[in-house]
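The figures here come from the full heavy-atom set of this structure, side chains too, leaving out hydrogens, waters and symmetry mates. Proteins get letters first, then strands, A, B, ... in listed order; numbering begins at 1 in each.
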Amino acid sequence: MDQLLINPDYPHILSTLIFLPLAGAILLLFIRNEYFARYWALGVTCLTAILSIPLLRAFDMSTSKFQFVEQVSWIKSLNIQYVIGIDGISILLIMLTTLIMPLCVLASWTYIKTRVQAFMVCLLIMETAMLGVFCALDFVLFYVLWEAMLIPMYMLIGIWGGPRKIYASVKFFLYTLAGSVMLLVAIIWLYINNGYSFFIPDMMWQNYSSTAQIFLFLAFFLAFAIKVPMFPFHTWLPAAHVEAPTAGSVILASVLLKMGTYGFLRFAIPITPEATMTLAPAILWLSIAGIMYGGFTALAQNDMKKLIAYSSVGHMGFVTLGIFVLNTQGVEGAILQMINHGITTGALFLCIGMIYERTHSRELSDAMGLGKHMPIYATFLAFFSLSSFGFPGTNSFVGEFMIIAGTFEHSIVLALACIPGAVLAAAYMLRMLQKIIWGGTNNPDQSKMMDLNVREIVTLAPFLFFVFWIGLGAQPFIDLIHVSVENLLNNYHGITSQAVAVTELIIH
Amino acid sequence: MQFLPELTLLGAGLIIFMVSLGKSNAATTKNIAIGLGAAVFGATLLSYCAEGKLFYGAYQVDLFSQVFKTLIAGAMLGVLILGHNLKGIAEKVHPEYYLFLFMSVLGLMMLVSSVELISIFVALELSSFAVYIMVPMRDDEGKFRFQMEAGIKYLLFGVTATGFMLFGMSYMYGLTGSTDLATIIAKYSTMWTHPAYVISMMMVLGGFFYKLAIFPFHFWVPDVYEGASNETTAFIATVPKLAATAILIRLISQISGDGQVMINVLLLCAVASMFYGNLSALVQKDVKRMLGFSGIAHAGFVLLGILTFQITGYANAMYYIIGYVLMNLACFLVLCNVSEKGENVMIEDLSGLHKRSPLMAFTLAVGLFALAGIPPFVGFMGKFMLLTGALKEGYLLVVILAAINTAIAIYYYLSVIRITYCSDPEERALVTPSTLTSATSVLLLLVIVFMGVSPQRFVDFASTAVQTIM
């Protein structure tokens with residue numbers, strides 16, 4: 001257990017973060033009052049967010065070990081433990097989750113009018129499951145939370161969603177579940193071949209046979225690529241995004257999609273390094289396909305939510321690209337871009353949701369020319385759109401730059417192939433921005449539109465703050481992840497160079 | 001003490017028989033029946049630690065049998081409570097219905113303890129014949145009479161399965177010269193390679209496969225589930241499966257040595273059950289039919305646990321079947337309440353249930369998610385442990401097929417949940433469960449979650465129970 005580090009100053013901080021929302025949800029079950037439900041959910045998520053701040057202060061940036069570890073035996077006969085801990089790869093995702101949840105509650109303040117209490121219960125349970133997934137160091141614990149998350153998310157889309165909510169929610173559920181059943185088989189296989197232990201750090205960097213690694217990797221890939229979603233497994237995403245309520249879209253875009261890429265970093269690379277080496281080229285080209293496909297389809301959309309959803313496919317393509325070039329810049333850029341995408345796309349979904357609340361339409365043509373009557377809104381939207389296509393000075397620029405730099409280091413052909421994707425992003429975002437702010441000669445009458453109220457400004461302002469913080473001074477964020485990424489890559493290159501040497505030995 | 005639960009059941013049957021002679025109203029009969037059910041449950045708890053042999057060694061009372069008797073009594077009590085209005089049964093035959101129910105449970109309890117071929121046969125027939133009568137007792141006010149079809153089908157398939165079993169038993173007797181299970185198994189364990197031994201064992205198992213609805217003895221399931229009244233189906237879907245699992249564990253756990261042929265055949269049965277059940281359930285419109293097909297698939301999973309030939313495997317199978325019974329009780333509790341006059345419930349009839357009765361909708365959703373094997377409910381833990389056990393034994397292909405089945409199954413469970421939560425009631429009546437029903441459903445929910453989150457003690461306990469028969 002030398003991979004674990006227990007911080008005695010904060011003995012149960014992660015468990016508190018994970019179970020506080022669940023406790024809040026259970027209490028909320030017994031109270032039937034809409035106003036109370038809103039304030040209660042806001043209070044619980046804010047408290048969770050505040051409690052997560054000490055994590056940053058106490059986080060030791062000089063080690064790649066898992067920190068804030070808690071370990072309790074859960075199911076003895078199968079050697080399943082409740083063991084949680086975080087490292088540089090997961091800490092930013094934890095922070096992203098805790099900080100974004102209060103804003104999701106705020107965004108649903110008036111948007112959700114029916115069954116408010118149940119909605120808030122779903123949100124809180126989602127938070128528990130999401131935080132648990134990023135903390136879990138036991139594979140069964142991970143899988144339980146990974147699957148359990150489907151239920152509240154299904155409810156969020158299926159009950160409070162748009163007109164085609166049933167189609168979208170069922171598609172979301174089936175896709176994700178079908179993807180992860182093979183993950184379960186892989187988990188059990190690893191358990192049996194690892195001295196009957198589900199402890200994730202012990203599974204890493206073991207010498208499984210090449211064939212086994214390929215199959216394990218494929219099982220991982222199916223589960224995580226669907227979650228990311230990578231082209232061609234992305235078809236559930238536009239449907240789910242379009243139909244989900246604003247808060248659901250934000251959670252989906254900001255946190256849920258990251259679980260796929262997190263899975264690649266936490267499981268696929270360390271557990272199956274040889275298979276990663278063998279299959280990385282294919283995944284890199286799939287990423288490029290995703291970037292181009294997402295960009296072109298986004299360019300053709302008239303539904304604003306669909307536009308952002310397809311842009312997500314493109315952005316997540318950049319993230320997987322960064323991960324599988326497997327050098328420091330690429331992987332760090334990818335992790336940073338995961339956070340950036342969470343911030344920017346989350347904010348864009350909030351912006352679209354705010355228009356939807358006013359006009360009850362997601363059509364771009366109905367939102368034309370809003371800029372004149374909603375100046376504050378237009379300002380926010382402009383910054384987030386610029387950030388979305390990686391304008392210098394905003395957060396995504398840093399992330400995308402690092403990823404492309406890493407890609408250049410890996411292969412010039414690949415890097416050249418992904419550049420048009422960045423241009424496409426500018427094209428579709430500027431097209432949307434131009435239409436919403438100015439429109440054309442045939443704008444609908446927008447004079448009755450109210451500009452943002454204080455609650456909405458408060459919801460959007462933190463996003464803008466982080467857009468510029470990461471955009472202008474990304475170093476503190478990179479410092480947090482650097483050591484863990486270095487450790488991951490060193491181990492990876494160590495194992496794969498061995499494997500390559502062995503192969504050469506056999507050949508000669 | 002050793003025979004107390006069975007005696008209590010016999011007594012309960014007698015009391016109900018007395019009631020059927022007089023003219024009592026439905027409420028009194030119901031209360032008497034539930035009271036007697038509770039008494040039987042109490043009796044099983046009292047004789048919980050009893051041990052010994054009865055009837056010249058034909059009847060074994062040990063921890064294993066007593067645990068199953070307790071479970072059977074508990075499940076019966078659950079069935080009595082959830083179907084307490086007996087909406088689907090004509091009021092004048094309510095006492096008789098309860099009488100047959102008790103007799104069937106008596107047969108099942110005896111089955112759990114039987115360790116001799118003739119007593120196994122008698123117990124099985126006692127439990128079956130009572131149910132053969134319960135199925136056509138449904139009152140559809142002379143409209144369709146499809147309960148008669150169901151009854152006849154149940155009877156014919158049941159008799160066929162019994163025929164197989166008797167034929168197998170005759171072989172067993174012929175090959176070993178004894179009807180005592182222990183003697184038979186001792187002879188069998190050295191002779192597994194002989195086709196006659198394998199075939200006779202398979203045929204005997206067939207009789208129990210019929211109760212558990214495992215491919216290829218599943219053909220009765222959809223029509224009987226659909227044709228029998230909701231309450232009867234709730235009974236058929238839960239209580240006999242406990243007893244069938246018990247006797248399967250008792251038989252198969254004795255198989256030692258090289259039984260590879262058997263294992264292959266049983267693996268095939270398990271996988272075929274899963275695929276057949278899940279694929280057929282996809283297109284069902286009647287909820288009971290759907291649950292019937294899903295039951296076939298789940299029986300395949302139970303078989304997968306038994307097939308590991310390990311104590312943990314049997315314990316997992318026990319855990320799984322207990323979980324299955326709980327989940328099914330939760331679902332049938334909702335069905336019996338949603339059905340207004342005892343008619344069958346179509347999937348559309350559940351539209352907007354969340355508005356008509358939030359608790360019922362929630363119970364159904366949890367029951368179905370649990371059946372689908374979504375964590376943190378008992379269904380997931382059960383499946384997970386079964387798959388782990390099977391993979392430990394090296395059945396990688398079977399585990400992959402079973403995992404694929406989980407993915408298939410989610411679709412039809414989800415489509416019911418979708419109707420319950422994501423559609424409007426469209427002027428369907430409110431559902432108002434009684435206090436007793438609500439309390440039962442909350443209890444079921446809690447147990448389903450609790451068993452899923454902390455399975456350790458249950459599995460340990462099941463292992464202890466299984467060890468007594470090894």
Between CZ on residue A:Phe36 and CD1 on residue A:Ile31, distance to nearest 0.5 Å: 4.0 Å

Side chain to side chain, B:Pro433 and B:Ser357, heavy atoms closer than 4.5 Å: yes

Restricting to non-hydrogen atoms, name the atom on B:Arg356 and the atom on B:Leu350 that form the minimum distance, rounded to 0.1 Å. NH1-C, 3.7 Å

Side chain / backbone / both / neither for A:Lys76 at chain B, heavy atoms under 4.5 Å: both

Mind ranking B:Ile404, B:Thr312, B:Ile400, B:Val399 by heavy-atom pairs under 4.5 Å with chain A and telling me who comes out on top? B:Ile400

Checking A:Tyr175 against chain B: side chain, backbone, both or neither under 4.5 Å from a heavy atom? neither

Between B:Ile417 and chain A, which part of the residue has a heavy atom less than 4.5 Å away: side chain, backbone, both or neither? both

Side chain, backbone, both or neither of B:Tyr411 within contact of chain A (heavy atoms, under 4.5 Å): both

Side chain, backbone, both or neither: which part of B:Leu391 has an atom under 4.5 Å from a heavy atom of chain A? both

Shortest non-hydrogen contact between B:Ala409 and B:Asn278, atoms and distance: CB-OD1, 3.5 Å

Chain B heavy atoms under 4.5 Å from A:Met182: which part of the residue, side chain, backbone, both or neither? side chain

Just so I understand: if I count every heavy-atom pair under 4.5 Å between each of B:Val453, B:Asp460, B:Val459 and chain A, which residue has the most? B:Val453

Kindly confirm or rule out a cation-pi arrangement of A:Lys227 over A:Trp146, judged by NZ or CZ under 6.0 Å from the six-membered ring centre and within 45° of its axis? yes

Contact winner vs chain B - A:Ile166, A:Val185, A:Ile187, heavy-atom pairs under 4.5 Å: A:Ile166

Taking atom NZ as the centre, does A:Lys113 end up with more than 12 heavy-atom neighbours from other residues, nucleotides or ligands that are less than 6.0 angstrom away? yes

With a cut-off of 6.0 Å (strictly less than), are more than 12 heavy atoms of other residues, nucleotides or ligands near CZ of A:Phe215? no

Side chain from CB out, backbone as N, CA, C, O: work out which of these in A:Tyr143 comes under 4.5 Å of a heavy atom of chain B, or both, or neither. both

Are B:Lys383 and B:Phe301 in a cation-pi setup, meaning NZ or CZ lies under 6.0 angstrom from the ring centre and within 45 degrees of the ring axis? yes

After noting the C-alpha distance and the side-chain angles of B:Lys355 and B:Asp424, does the key distance pass the salt bridge (charged side-chain N to carboxylate O under 4.0 Å, His left out) rule? CA-CA 8 Å; B:Lys355 285 192 184 140; B:Asp424 289 318; 3.2 Å; yes

If I measure from the heavy atoms of chain A, does B:Tyr421 come under 4.5 Å with its side chain, its backbone, both, or neither? both

Partner chain B: residue of A:Val140, A:Leu145, A:Ile151, A:Leu150 with the largest heavy-atom pair count (under 4.5 Å): A:Ile151

Does any backbone or side-chain atom of A:Leu184 lie under 4.5 Å from a heavy atom of chain B? Answer side chain, backbone, both or neither. side chain

Taking B:Ala402's backbone N and O only, do any of them form a donor-acceptor pair with B:Thr406's side chain (distance below 3.5 Å, no angle check)? yes

Looking at B:Tyr395, I want to see if its OH is surrounded by more than 12 non-hydrogen atoms of other residues, nucleotides or ligands under 6.0 Å. yes

Go through the atoms of A:Trp189 and report whether side chain, backbone, both or neither lie under 4.5 Å from a heavy atom of chain B. both

So which residue, B:Ile408, B:Thr388, B:Leu396, ends up with the most heavy-atom pairs under 4.5 Å with chain A? B:Thr388

Under 4.5 Å from any heavy atom of chain A, what part of B:Phe384 do you find: side chain, backbone, both or neither? both

At a 4.5 Å cut-off on heavy atoms, which part of A:Ile192 comes close to chain B: side chain, backbone, both, or neither? side chain

